[in-house]
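Some notes on the structure that comes next.
Both ligands and their constituent atoms are indexed starting at 1 by order of listing. For the numbers below, each heavy atom of this structure counts, side chains included, while hydrogens, waters and symmetry mates do not.
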Amino acid sequence: MITKFRIAALALLVAPTAFAQTTTLAATPPMGWNSWNHFAGKVDDAGVRAAADAMVSSGMKDAGYMYINIDDTWEAGRDAQGNILTNSKFPDMKALADYVHSKGLKIGIYSSPGAQTCARFEGSLDHEVQDANTYAAWGIDYLKYDLCGLRTKMKTAPDAAAASKMMVDAYKKMDAALKATGRPILYSLCQYGDDAVWRWGTSVGGNMWRTTGDINDHYSRMAEIGFSQAGLAKFAGPGHWNDPDMLEVGNGGMKVDEYRTHMALWAILAAPLLAGNDLTKMTPETLAMLTNRDVIAVDQDKAGMQGDRVSTEGPIEFWSRTLADGSNAVGIFNRQDKPLSASVDFGKIGFSGGVKARDLWLGKDLGTLPSAYTAVIPGHGVLFLKVSK
Ligand code: GLA
């Protein structure tokens with residue numbers, strides 16, 4: 001009882017400042033860091049503090065990164081009243097949240113609508129309200145809610161429609177619980193794109209939803225995910241984004257040109273930019289990619305219009321995103337592993353009389369290009385341009 005009362009009182013204390021921000025939650029695709037891709041089960045309090053420190057000292061915060069997100073494996077069981085407990089890696093979640101906030105950053109956490117999370121830790125099933133209140137009391141700003149364990153329960157449903165309803169209801173239930181706390185908590189759905197979540201993600205309160213299974217640090221998987229996003233643009237916009245999963249930039253499994261493809265494609269897709277590397281050990285090259293202002297400006301463009309594929313010619317893919325100022329971000333991607341000369345027709349995106357272009361990875365204005373332009377694209381690389389009349 002005492003614990004419950006304390007948590008409710010804390011929730012009241014944090015509510016007033018939080019209210020003011022409600023309407024701006026995820027106005028542009030969320031930017032931050034998540035522990036999973038690099039640390040997986042090794043994430044702990046010290047590592048999260050170090051990530052927060054590094055986000056500030058590296059300049060990532062100044063570039064727009066904001067959320068420090070703890071993924072799976074922080075959970076222990078529950079106390080006698082059913083309150084979720086943290087395991088020994090996280091001795092005091094409220095103190096950790098205070099620390100992250102003291103850096104001018106926000107903090108995220110992870111759970112599942114099932115009895116267990118993907119890594120078989122404690123999930124939120126039948127404790128949704130209690131968990132949402134605990135998160136609010138700790139000062140949590142972001143929840144990634146990962147289907148995993150609920151799939152066991154969904155198997156008991158009489159048919160696919162009933163299973164799907166079970167899932168949708170579970171996401172709605174947590175949304176209501178989060179909203180009832182009065183604290184703005186960004187709601188990130190993770191159910192791997194099942195049942196075309198982009199069609200109903202906003203109706204369950206989602207600010208973003210995973211559109212695919214898990215990414216890994218290999219070009220083949222990153223490209224499979226990224227290039228499969230064609231056609232989803234109309235489902236994204238301010239407050240609700242398609243999420244092709246977190247970044248692998250800097251984790252070491254891809255070449256620089258491949259990571260540039262990763263960042264450029266995610267920017268065209270208006271995808272959340274959640275760095276997934278060890279922020280305390282970044283090469284200057286990794287940091288430069290993650291903080292490239294031109295690239296981030298595309299991702300964060302305030303019109304919030306996701307880009308799409310314009311055309312494909314063999315291994316060359318032409319993608320474009322319309323930006324608020326009437327210009328376009330254009331990616332000419334080479335999916336083959338050796339350099340290839342590609343011809344670009346800017347007329348296809350309405351620029352028939354030539355374009356003014358800036359190379360976003362080189363950070364260089366290219367002057368005026370003819371509407372039919374030929375360039376050599378590195379293997380697995382991209383020519384990433386901002387073009388205007
Ligand atoms: C799933 C998610 C991942 C990560 C793990 C944690 O696989 O898709 O992003 O959260 O669970 O167990």
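For Thr117, the closest heavy-atom approach to ligand 1 does not fall below 4.0 Å.
Considering only non-hydrogen protein atoms, atom 3 (C) of ligand 1 sits nearest to Asp214 OD2, 3.5 Å. Here the protein heavy atom with the shortest distance to atom 5 (C) of ligand 1 is Trp36 CE2, 3.6 Å. Protein heavy atom in closest approach to atom 10 (O) of ligand 1: Asp71 OD1, 2.6 Å. Atom 12 (O) of ligand 1 has as its closest protein heavy atom Asp72 OD2, 2.8 Å. Counting protein heavy atoms only, atom 11 (O) of ligand 1 is closest to Asp146 OD2, 2.9 Å. Closest protein heavy atom to atom 9 (O) of ligand 1: Lys144 NZ, 2.8 Å.
A donor and an acceptor atom, one from each side chain of Asp146 and Ser112, are nowhere located under 3.5 Å apart.
Near Tyr192, meaning under 4.0 Å from one of its heavy atoms, ligand 1 places the atoms 8 (O). Atoms of ligand 1 lying under 4.0 Å from at least one heavy atom of Ala119, given by number and element, are 12 (O).
A salt bridge links Asp325 with Lys386: the closest approach of a Lys/Arg side-chain nitrogen to an acidic carboxylate oxygen falls below 4.0 angstrom. One finds no salt bridge joining Lys61 and Asp53 here, because no Lys/Arg side-chain nitrogen approaches an Asp/Glu carboxylate oxygen to under 4.0 Å. Ion pair Asp245/Arg210 flagged as a salt bridge, since at least one NZ, NE, NH1 or NH2 atom sits closer than 4.0 Å to an Asp/Glu carboxylate oxygen.
Taking the six-membered ring for Trp and the full ring otherwise, Trp319 and Trp266 have centroids separated by 6.0 Å or more.
Grouping Ile, Leu, Val, Met, Phe, Trp and Tyr by side-chain contacts under 4.5 Å, direct or through others, puts Ile377 with Val310, Ile316, Phe318, Val330, Ile332, Leu340, Val344, Phe346, Ile349, Phe351, Val355, Leu366, Leu369, Tyr373, Leu383, Leu385, Val387.
Under the ring pair (Phe, Tyr, Trp, His ring centres under 6.0 Å) criterion, Trp36 pairs with no residue at all, not counting sequence neighbours.
At a heavy-atom distance under 4.0 Å, only side-chain atoms of Cys190, from C-beta outward, approach ligand 1.
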